[in-house]
Amino acid sequence: QKLLREMGVISRSPQRTRLQDALTERELEILTLIASGLTNPKIAARLYLSVKTVEYHVSQILGKLGVRSRAEAAALAARQSDLPTTRDHH
């Protein structure tokens, strides 16, 4: 966690985290769904988006977070206690 704090991914303060500051609301929503294990087609269906649009958002998320994979992005999301839960998206 120290490394993640140094990278600015997680914060000790109860304020908004750097992760939430870096991503749009839609990107946070998609990141939450990635972290819950959904595929791009399932995310697209859940959010009434095209798969291409989801792919674009995933690419933006990976770039903004400086990670190479969905798994890395999901690992960062899992460390965030204040991300919305997937329940919020049903």
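Throughout, numbering of the chain's residues begins at 1 and tracks the sequence.
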- Task: State which residues pass side-chain contact (heavy atoms from CB on, under 4.5 Å) with Ser59; sequence neighbours excluded, sorted by chain then number.
- Result: none

- Message: I'd like to check the side chain to side chain donor-acceptor pair (under 3.5 Å) partners of Thr53; sequence neighbours left out, ordered by chain and number.
- Response: Ser50

- Beyond-backbone contact of Leu62 with Glu72, side-chain heavy atoms, under 4.5 angstrom: no

- Task: For side chain to side chain contact (heavy atoms under 4.5 Å, CB included), just list the numbers for Arg26 and Leu47, CA-CA rounded to whole Å, side-chain angles, deciding distance to a tenth of an Å, and then say yes or no.
- Result: CA-CA 10 Å; Arg26 178 63 88 184; Leu47 299 179; 3.6 Å; yes

- Note on the structure: In this structure, CZ of Arg46 is separated from OG of Ser36 (nearest 0.5 Å) by 6.5 Å

- Residue that, paired with Ile34, satisfies side-chain contact (heavy atoms from CB on, under 4.5 Å) out of Ile30, Leu38, Thr32: Ile30

- Query: What pair of heavy atoms forms the shortest contact from Ala35 to Ala77, and how long is it?
  - Reply: CB-CB, 3.9 Å

- Query: Looking at NZ of Lys42 and CG of Leu33, how far apart are the two atoms once the value is rounded to the nearest 0.5 Å?
  - Reply: 12.0 Å

- Between Leu31 and the options Leu76, Val58, Leu65, the side-chain contact (heavy atoms from CB on, under 4.5 Å) test singles out Leu65

- Pairs flagged by salt bridge (charged side-chain N to carboxylate O under 4.0 Å, His left out) wherever residues 55-67 is involved - sequence neighbours left out: Glu27-Lys64, Lys52-Glu55

